[in-house]
Amino acid sequence: MTEPVAADTVTGGCLCGAVRFCITLPTLFCAHCHCSMCRRPHGAAFVTWTAVPPERFEIVAGQAALQTFNSSELGRRQFCRHCGTQLFCWHEHADGHGPKVMDVTLASLHAPLDRSPEMHVFFDSRAAWTKVHDDLPKLGGDNGLEPLV
Ligand SMILES: [Zn+2]
Ligand SMILES: [Zn+2]
């Protein structure tokens, strides 16, 4: 049985369909990330993320298919163990009191969001062969979010 989906929710899933999830709008941001920890597992020039607080994120199906990789002390990346689709990145509080923001790959969502990509982050970490010709802010530095000159 399929439950009706409210208008302020967006569903998503992996390539094989094992993992399905739902986020509730509004999202927190939408950004292209050029850091190497995004580029490598996705096999991509950069990765476009949106984010919601954990309470606005729900796994609908396939929790057991999710594989977790701790890419840093504070980041847990999750992907489908069957098809390899990179889906989520949980960011933990530094004090260990649970995740505060849940990054979700824009490409895994099934419907338009409440916003378009707004910026490039970790832009100074981008692959040498990446050429960007849009007018979005290009941020970088130690935290990936500082204006670049
Ligand atoms: Zn899958
Ligand atoms: Zn990144």
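Everything numeric here is computed off the predicted structure, so don't read it as measured data. Both counts, for ligands and for their atoms, begin at 1 and track the order of listing.
Looking at Asp8, its side chain never comes within 3.5 Å of a backbone N or O of Thr24 through a donor-acceptor pair. Remark: the backbone N or O of Thr27 is paired with a side-chain donor or acceptor of Asp114 at under 3.5 angstrom.
No side-chain N or O of Arg76 forms a donor-acceptor pair with one of Thr68 less than 3.5 Å apart. Side chain to side chain, Ser125 and His34 fail the donor-acceptor criterion of an N or O pair below 3.5 Å. Between Asp134 and His120, the side chains place a donor N or O and an acceptor N or O closer than 3.5 Å (distance only, hydrogens not considered).
Scanning all heavy atoms of the two residues, the minimum distance from Phe46 to Cys33 falls at CB-O, 3.2 Å.
The hydrophobic clustering, which links ILVMFWY residues whose side-chain heavy atoms are closer than 4.5 Å, places Met37 and Val104 apart.
Ring centroids of Phe88 and Trp49 are separated by 6.0 Å or more, keeping the two rings apart.
Around the Zn ion (ligand 2), the protein N, O or S atoms found under 2.8 Å comprise Cys33 SG, Cys35 SG, Cys38 SG. Within the sub-2.8 Å shell of the Zn ion (ligand 1), the protein contributes these N/O/S atoms: Cys14 SG, Cys16 SG, Cys80 SG, Cys83 SG.
Evaluated for a side-chain hydrogen bond (donor to acceptor under 3.5 Å, both in side chains) with Gln67, the options Arg77, His82, Gln78, Arg81 yield exactly one hit, Arg81.
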